[in-house]
Every structure is written in structure tokens, then in C-alpha cells.
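Note that ligands are numbered from 1 as they come in the structure, with each ligand's atoms numbered from 1 the same way.
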Amino acid sequence: MSPLSNADMIIPSDAQLFAEHSKFLKQGSTVGITCVPFSGGQPKGGVDDGPVEMVRFGILDQLQGMGFKVELSAGMDKYKTMKPASDPPIGTLKNARYVSAAAKRVSEQVREHCEAGRIAVTLGGDHSIAMGTLVGSTSVYGDDLCVIWVDAHTDINTPETTESGNLHGCPLSYILGLCGEIGRDQPFAWVPSGCVRKDRLVYIGLRDVDAAEKVILRKHGIKAFSMHDVDKHGIGRIVEMAMDHVNKDRTLPVHMSFDVDALDPSVAPATGTPVRGGLTFREGHYICEAVAESGCLVALDLVEVNPKLGDPESLRQTVAVGCSLVRCSLGERLL
Ligand SMILES: NC(=[NH2+])NCCC[C@H](N)C(=O)O
Ligand SMILES: [Mn+2]
Ligand SMILES: [Mn+2]
């Protein structure tokens with residue numbers, strides 16, 4: 001009998017392999033998806049259509065096709081109706097009450113998925129929603145949680161340092177507890193400031209960091225790998241060094257927050273703040289594959305896909321790459 005004719009050999013699906021490798025998830029082959037059609041953290045409309053376009057492109061079916069069970073958080077339309085009647089600037093911060101209300105709801109939905117032991121996948125929306133996803137994941141995994149932030153930007157402005165006043169440039173300052181009084185006060189008083197430890201955050205892909213953000217990184221010794229470092233060492237070494245920094249023994253849970261603008265605009269053009277000189281298609285995917293391989297991933301954000309920016313082909317390309325990054329992070333195999 002030829003070795004290929006063994007018809008009843010059981011071949012595990014990508015989801016089963018992912019679940020078997022997973023060190024933390026009780027229901028490793030269930031994905032808990034939270035769609036967040038939200039754009040209040042920045043001025044450009046359209047990023048709120050990111051999740052719906054990814055769903056239309058087939059992300060839910062694709063994950064089911066990999067063997068995952070998919071649980072979708074209810075009420076994604078509610079995000080569109082959360083805008084308060086009046087939301088005057090707080091200092092320079094724009095839409096602070098709106099961002100706060102949306103992020104709080106995200107935190108509850110992500111917490112539910114994490115509590116149930118599912119892998120929590122959040123589709124944005126702009127990056128301000130990571131304030132919610134990280135509160136959700138740390139509320140279950142505590143300060144063991146490591147964060148891999150893949151982005152062209154550091155998103156670590158405080159309410160005092162932000163020049164744009166756009167909260168998608170600020171989520172990490174709240175999470176790490178770096179804000180002055182404006183940040184700790186309403187409407188963000190619900191954010192447990194310092195829920196992620198500074199030594200458990202690492203960046204990959206940076207190339208557009210505000211002067212004040214550089215000061216914050218240096219002052220707090222936050223580990224960051226820029227595109228210069230990626231060029232110098234190669235992506236394989238970079239992911240290994242990033243993991244070594246936050247999770248030396250690969251024994252801690254990891255939350256990856258992936259801003260699609262980390263990729264080069266030639267790969268992901270439909271995004272609100274593109275910066276040239278970014279990750280190639282393969283470099284982006286390699287990060288996701290390596291994180292999946294670690295068995296440590298418990299939560300993933302895929303944000304800043306803006307279907308309204310650019311022509312139909314840019315849109316298709318960006319949505320497609322967003323979906324494939326999600327699948328790779330969840331263990332889609334090339335072979
Ligand atoms: N999630 C993003 N795309 N962030 C871009 C932030 C840009 C700039 N640093 C700012 O504070 O406004
Ligand atoms: Mn960015
Ligand atoms: Mn970002």
C-alpha cells in the first residue's frame with residue numbers, strides 16, 4: 001500500500017494545531033471576535049468600515065475554514081450610536097468622551113472572550129480602541145501580559161504631549177500609567193493606569209515617532225525596534241529579540257496589537273496615517289507566524305484599515321492583507 005493511500009489517517013486542522021500549541025487558552029480553537037466600527041480617535045472617516053469590509057472579504061468563513069469555532073460579540077452597530085451629544089475638547093484631546101465610552105465597551109467584550117479562554121481578536125477601527133482591548137486582556141491575564149505593538153507609530157503620546165489631539169496616538173500612555181492629571185481624570189478614570197508593565201511592552205516597525213514620544217521611550221526604557229533595526233538584523237532576529245525582551249522563557253501570555261500602517265504603504269495603502277519605508281508583505285506575515293508559533297498569543301488587534309482611502313484596488317489589497325495577518329497570527333500554515 002502506498003503511504004498516500006491511508007484514507008482514514010486523521011489530519012489535524014490549523015485550528016487544532018494552534019490549540020494544541022497554545023499555552024494559555026482553555027478554548028484554543030475558539031476565536032472570540034469583536035468588531036469595532038469606530039473612528040473617533042482620529043479625524044478621517046472610513047476607518048469605522050474596516051471591520052465590516054474584513055467580514056465581507058470573508059474573515060469569519062476563513063477562520064472557520066481553518067477549523068476554528070467563531071464567536072462574534074454582539075451589537076457592533078452600537079458603536080456608531082455612542083457619540084455623545086456634546087464632547088468639547090479636553091486640553092487638546094478630541095472626542096475624549098466618545099473614545100472613552102467605545103473603549104470601555106471594547107474592554108468588556110474582550111474581557112468576556114478572554115475569561116472564556118478564547119483567543120480574543122479585535123477588528124478596528126482606529127488604534128484608540130486598544131485602550132479597551134488591553135484593559136480587557138489584562139483584566140484576565142494580569143500584569144503577566146506582554147504586548148507586542150507592531151506599528152509605524154508609538155501611540156504613546158500623553159494628553160499633555162499630543163500635538164494632534166487624536167487619541168489613536170495616545171492609548172499606550174493611559175495603559176502604562178504615564179499620563180498626567182488630565183489622563184487620570186474623567187472620562188478615562190475607569191482605565192486601570194499601569195495595567196501593562198513598561199518592561200512587558202515591545203515595538204516593531206517604528207519609523208514615525210514624535211519628539212515627545214522619543215523622550216517618553218528613553219525616560220522609561222521602553223524597548224523598541226525601528227525599521228532601521230529590521231533592516232540591520234532581519235525580521236527573524238527582530239522577532240526573537242522582541243520576544244526575548246518581554247517573554248524570555250516564552251511562558252507569559254502575549255497580546256499583539258497590529259496597526260496595518262506598520263506595513264509599507266505599497267502593501268497596505270488604505271490607512272489613515274501611512275508612512276513610507278515600512279514592513280514588506282512577508283516581514284509583516286513573518287511576525288504573525290512567529291507569534292503564533294510561540295503558543296503564547298491570547299489576544300490580537302488588527303486596526304487602522306480604512307476602506308474609504310484610495311481606489312478600489314488599494315482597498316481590496318489592504319483588506320486582504322489585514323485578513324491574512326489575522327489568519328497567520330492564528331496559525332495558518334504555509335505548508
Ligand atoms: N494609530 C496611529 N495610526 N497613530 C498615529 C499617531 C500619529 C501622531 N504621533 C499623533 O499623535 O497624532
Ligand atoms: Mn500607526
Ligand atoms: Mn497605531
Point to revise | Any N, O or S atom of Asp259 closer than 2.8 Å to the Mn ion (ligand 2) | key: yes
Exercise for review: Can you figure out which of Asp210, Asp261, Asp151 has its heavy atom closest to atom 9 (N) of ligand 1?
Suggested key: Asp210
Check your understanding: Side chain of Gln62, backbone of Phe57: donor and acceptor closer than 3.5 Å?
Key -> yes
[X]-[Y] side chain donor-acceptor pair, cut-off 3.5 Å:
| X | Y | result |
| --- | --- | --- |
| Asp155 | His153 | no |
| Thr271 | Glu304 | no |
| Asp259 | His168 | no |

Practice item. Using the rule that two of Ile, Leu, Val, Met, Phe, Trp, Tyr join whenever any of their side-chain heavy atoms come within less than 4.5 Å, decide whether Val47 and Phe258 are in one cluster. Key: no
**Study point:** Ring centres under 6.0 angstrom apart (His127, Trp149)
**Key:** yes
Counting backbone and side-chain atoms alike, does [X] have an N/O/S atom under 2.8 Å from the Mn ion (ligand 3)?
| X | value |
| --- | --- |
| His168 | no |
| Asp151 | yes |
| Asp261 | no |

Check your understanding: With backbone taken as N, CA, C and O and side chain as the heavy atoms from C-beta onward, which portion of Asp155 lies under 4.0 Å from ligand 1: side chain, backbone, both, or neither?
Key -> side chain
Check your understanding: Considering only heavy atoms, does Glu163 approach ligand 1 within less than 4.0 Å through its side chain, its backbone, both, or neither?
Key -> neither
Check your understanding: Under 3.5 Å between some N or O of ligand 1 and some N or O of Glu304?
Key -> yes
Review point. Less than 3.5 Å between some nitrogen or oxygen of Ser164 and one of ligand 1, yes or no?
Key: yes
Check your understanding: Which angle, to 10 degrees, forms at the Mn ion (ligand 3) with OD2 of Asp155 on one side and ND1 of His127 on the other?
Key -> 90°
Point to revise | Nearest-contact summary for atom 3 (N) of ligand 1 - protein heavy atom, Å | key: Thr273 OG1, 2.9 Å
Check your understanding: So which protein heavy atom does atom 7 (C) of ligand 1 come closest to, and at what separation?
Key -> His153 CD2, 4.0 Å
